[in-house]
Amino acid sequence: MEEPNAKSSRPEQDDRPTAERQDFLRELVQQDLAEGRISEVVTRFPPEPNGYLHIGHAKSICLNFGIARQFSGRCNLRMDDTNPAKEDVEYVDSITADVKWLIAGWADHCLGLKPVGSLPEKVNVDGRDDYFLAAVMPFESQGQPLEPFYASDYFEALYQFALQLIRKGKAYVCDHTPEEVDRMRGAPDRPGRESLYRNRPVAENLDLFRRMREGEFPDGARTLRAKIDMSAPNVWLRDPVLYRIRHASHHHTGDRWCIYPMYDFAHGLSDYVEGITHSICTLEFEVHRPLYEWILQALDLPRVHPRQREFARLNVTYTIMSKRRLLRLVQEGHVRGWDDPRMPTISGMRRRGYPAEAIRDFCDRIGVAKRENMVQLELLEHCVREDLNRRAPRVMAVLRPLRVVIENYPEGRVEEMTAVNNPEDASMGTRRVPFSRVIYIERDDFREVPPPKYHRLSPGVEVRLRYAYLITCTGVVKDPETGEVVEVRAVYDPATRGGDAPDGRKVKSTLHWVSAAHAVDAEVRLYDTLFTVKDPDSTPEGLDFTQSLNERSLEVLQGCRLEPSLAAPVPGSCYQFERLGYFCVDSEDCRPGAPVFNRTVTLKDTWARIQSRQSGE
RNA sequence: UGGGGCGUGGCCAAGUGGAAAGGCAACGGGUUUUGGUCCCGUGAUACGUAGGUUCGAAUCCUGCCGCCCCAGCCA
């Protein structure tokens, strides 16, 4: 990809599509470039490390890195960690890994990181104090260890900026209790009341703020507030809190601080410190934009200000996106962890077998706009199938085995049949699959009494065993107790080796199979949606969202039979089990000789559709 | 009833005054040793609604309706 020690030149963007996606954000960026307001594009992806990244974050990652990539710019990964109570290093690690995985091979050359431990530098530009922290791009790292940016690395700079605001008379220390502040804020249609401490002298504010930092006051005793306008129609302009006191240790700064900046104060200035040009966030922050701009303008900043713009967050049917609720699923044991393959988390999707490329394709297809939206899960699944269809090797696996004895096939004889690995890609070659007298087929592929339009095996019917022979069912063996079919008897036509009849006769279906004597035993996990309703985030009043959990979201199958080529599969690798779906080797629970597969997604199933239509009529 | 947004086919989404892109889903057909893939075909006389401007409006103006966000010392 890139020369390890080449600092001079950027790697080429070789696979850039000719027609890049256009949306209102890219238009704005283009315009800013054209007007010379900026000379390079720098975006950022700023998650709070208080949970794992999910498909909604993927949209934001693809947007921010996509813009950086398209305009030969950069996208900084930044932990927005200004609230010590909720954040944890476990999350910063997972976030970092997930981002890298998602952008790998696509935008990794745009990922802005910084040397481990580096802090913003104080510089003086035309007599004005400035703080700046340069990013290091992967191709210029020269082997030095890098890490994400952290808002918490700017606490000192932020403190200095706060001091500046106080000196300018634009911020003050307020002694009101949280309840008082609440009451005095007024209502959307009613102006608020000014704090009793609003006109405190600058010197007193400076002293008090310093003592807040020193730890002289308990949590909640005082805050630093911006002095804006208590009667502003936009409530975020009614003297918002900039700093609060929290005697808590922070995952990144330890016990160095007991005052922590609020989002609105920290975010825009963090953007500024990193030289971000476009700060893209979700719609709910739109009402914060005036405050974002007020803060930047209130300070005497020598460099160009970042611009905040908003887009609509992603919603997907049958899934929840709230981090709080995802955390509950994990904590209450409804799933087996953040990376449970049923989770909409990036790590869950990865474990499920969704390729990063498919997720990116999905994010590209859903577009970016400001409209509330609910994208159908089917689109995501389509993207996954499309990608896997191209890349996944085909293989035969029987999930619910039904024994078939081919009566006229010699006992003890084994033939090696030639199977193609991927009909979409001849370069993936062929393999040999053993065939013998006793095989397994899918239970679902046999019906003693076939329903209408059923093309598969039933008494007297001839079908093809893929890559092997045409067989005709001659009878069944039933369990005398239950009446259940436990074995199918059949005869084969020796003239049809490979699956074609010399006389040109056709059969209606082709079945996958596995030779009983050669089969590999495996566990296969089938997944369905985690919820039974399209919009689990909006459960009716009084009900908890967990009540729409799908109790059949996981089905574990033991004793599945795989063709022998799957005896020792590589964890994480994906296969198409012919006629069934795409399955990937579980990266956690696989043991040598005991493979575990996750069903990534089924194949499209016309027969299932016919059946449900039949039962619906 | 304050402020900020948004309304184009089932779901996304282009469109920026001159004959409503595209994708997913659905349905029909063809090919097929995966009821997969692939290929072909079918849908808004219409862009929340009512007016207005214009030779001409989804695009401009006005009113109305609907939905979302904002009163954390969360982000």
Side-chain angles (χ1 to χ4, degrees), chain A residues 22-23 27 46-48 50 80-83 85-87 174 176-178 181-183 185-192 219-225 232-238 240-246 260 262-264 266-267 281-290 310 312 314 317 323-324 362 364-383 385-386 389-390 394 396 419-420 423-424 453-456 463-468 470 498-500 506-512 534 576-581 602-610:
Chain A
Q22 202 54 28
D23 55 58
E27 249 166 50
E48 183 188 12
N50 66 346
D80 203 2
D81 54 353
T82 56
N83 183 356
K86 295 186 181 174
E87 297 149 7
C174 175
H176 284 300
T177 65
V181 171
D182 246 30
R183 241 176 288 125
R185 187 158 23 232
D189 55 351
R190 179 166 33 87
D219 287 5
R222 292 180 217 266
T223 56
L224 182 73
R225 291 229 256 164
N234 181 336
V235 296
W236 288 103
L237 261 19
R238 323 245 263 225
V241 171
L242 266 20
Y243 267 91
R244 75 289 212 177
I245 300 173
R246 287 284 174 278
Y260 291 92
M262 298 290 291
Y263 166 83
D264 291 290
H267 203 90
C281 58
T282 44
L283 247 29
E284 65 269 27
F285 292 101
E286 203 158 17
V287 290
H288 293 239
R289 192 153 97 199
E310 312 80 15
L314 170 68
T317 54
K323 272 205 228 173
R324 221 197 116 260
F362 171 74
D364 192 51
R365 292 192 196 212
I366 58 178
V368 180
K370 295 186 73 165
R371 226 173 278 156
E372 289 282 327
N373 61 80
M374 172 76 73
V375 176
Q376 296 175 329
L377 218 212
E378 287 82 351
L379 179 59
L380 213 207
E381 295 185 331
H382 167 84
C383 294
R385 286 191 189 103
E386 188 177 78
N389 176 52
R390 229 174 36 239
R394 315 286 126 126
M396 291 198 284
V420 330
E424 308 293 321
K453 292 185 180 163
Y454 187 81
H455 295 162
R456 282 108 98 144
V463 300
R464 174 167 35 236
L465 293 177
R466 181 146 228 220
Y467 302 126
L470 264 37
D500 284 309
K506 303 281 192 227
V507 290
K508 283 216 175 126
S509 86
T510 299
L511 309 185
H512 60 279
K534 279 204 167 73
Q576 184 196 102
F577 289 180
E578 293 219 36
R579 304 209 304 131
L580 297 175
T602 61
L603 251 26
K604 286 218 282 190
D605 191 345
T606 305
W607 170 237
R609 220 178 305 146
I610 292 170

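Each chain gets a letter, A, B and so on, in the order the sequences are listed, and its residues count up from 1.
With both ends at atom C1', the span from B/G22 to B/G29 equals 23 Å, rounded to whole Å. Between B/U49 and B/C11, the distance separating the two P atoms is 15 Å to the nearest Å. Distance noted for atom C1' between B/G43 and B/C24: 15 Å (whole Å). The P atoms of B/A58 and B/A44 are separated by 16 Å, rounded to the nearest whole Å. B/A46 and B/G9 have their C1' atoms separated by 10 Å, given to the nearest Å. Using P as the reference atom, B/A50 and B/U45 are 14 Å apart when rounded to the nearest Å. Taking atom P in both B/U1 and B/G41, the straight-line distance is 50 Å, to the nearest Å.
Here B/C68 presents its P atom at 12 Å from CE of A/M374, a figure rounded to the nearest Å. Rounded to whole Å, atom C1' of B/C73 lies 14 Å from atom OH of A/Y243.
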Applying the Watson-Crick and G-U criteria (both distances under 3.5 angstrom) with [ ] for crossing and | for other-strand pairs, one obtains for RNA chain B .(((((((.[[[..)..(...]]].(((((.......))))).....[[[[[..)....]]]]])))))).....

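At the heavy-atom level, A/T177 lies under 4.0 Å from base atoms of the strands shown. Residue contacts for A/Q376: at a heavy-atom cut-off of 4.0 Å it reaches a base atom on one of the strands shown. At the heavy-atom level, A/I610 lies under 4.0 Å from base atoms of the strands shown. Nucleic acid contact for A/T223: base, since at least one base atom lies under 4.0 Å from a heavy atom of the residue. A/R225 comes within 4.0 angstrom of no nucleic acid atom, judged by non-hydrogen atoms across all strands.
By the 5.5 Å and 30° criteria, A/W607 is stacked with the base of B/G35. Where stacking is scored as ring centres under 5.5 Å apart with planes under 30°, A/H267 does not register as stacked on the base of B/A75.
Proximity of A/R244 to the phosphate of B/A75: a side-chain N or O atom is located under 4.0 Å from OP1 or OP2. Between B/A71 and A/R183, no contact under 4.0 Å exists linking OP1 or OP2 to a side-chain N or O. In terms of phosphate contacts, A/H382 brings a side-chain nitrogen or oxygen within less than 4.0 Å of OP1 or OP2 of B/C24. Dashed line: the shortest gap from a side-chain N or O of A/R185 to OP1 or OP2 of B/C73 is under 4.0 Å.
Comparing B/C70, B/C74, B/U37 against the side chain of A/E424 picks out B/U37 as the nearest.
No hydrogens or angles were tested; on distance alone, nothing pairs the side chain of A/R289 with the base of B/G4 as donor and acceptor under 3.5 Å. Between the base of B/U37 and the side chain of A/E386 there is no donor-acceptor pair shorter than 3.5 Å.
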Can you pull every protein N or O that's under 3.5 Å from an N or O on nucleotides 6-9 of chain B?
from, atom 1, to, atom 2, distance (Å)
B/U8, O4, A/R371, NH2, 3.3

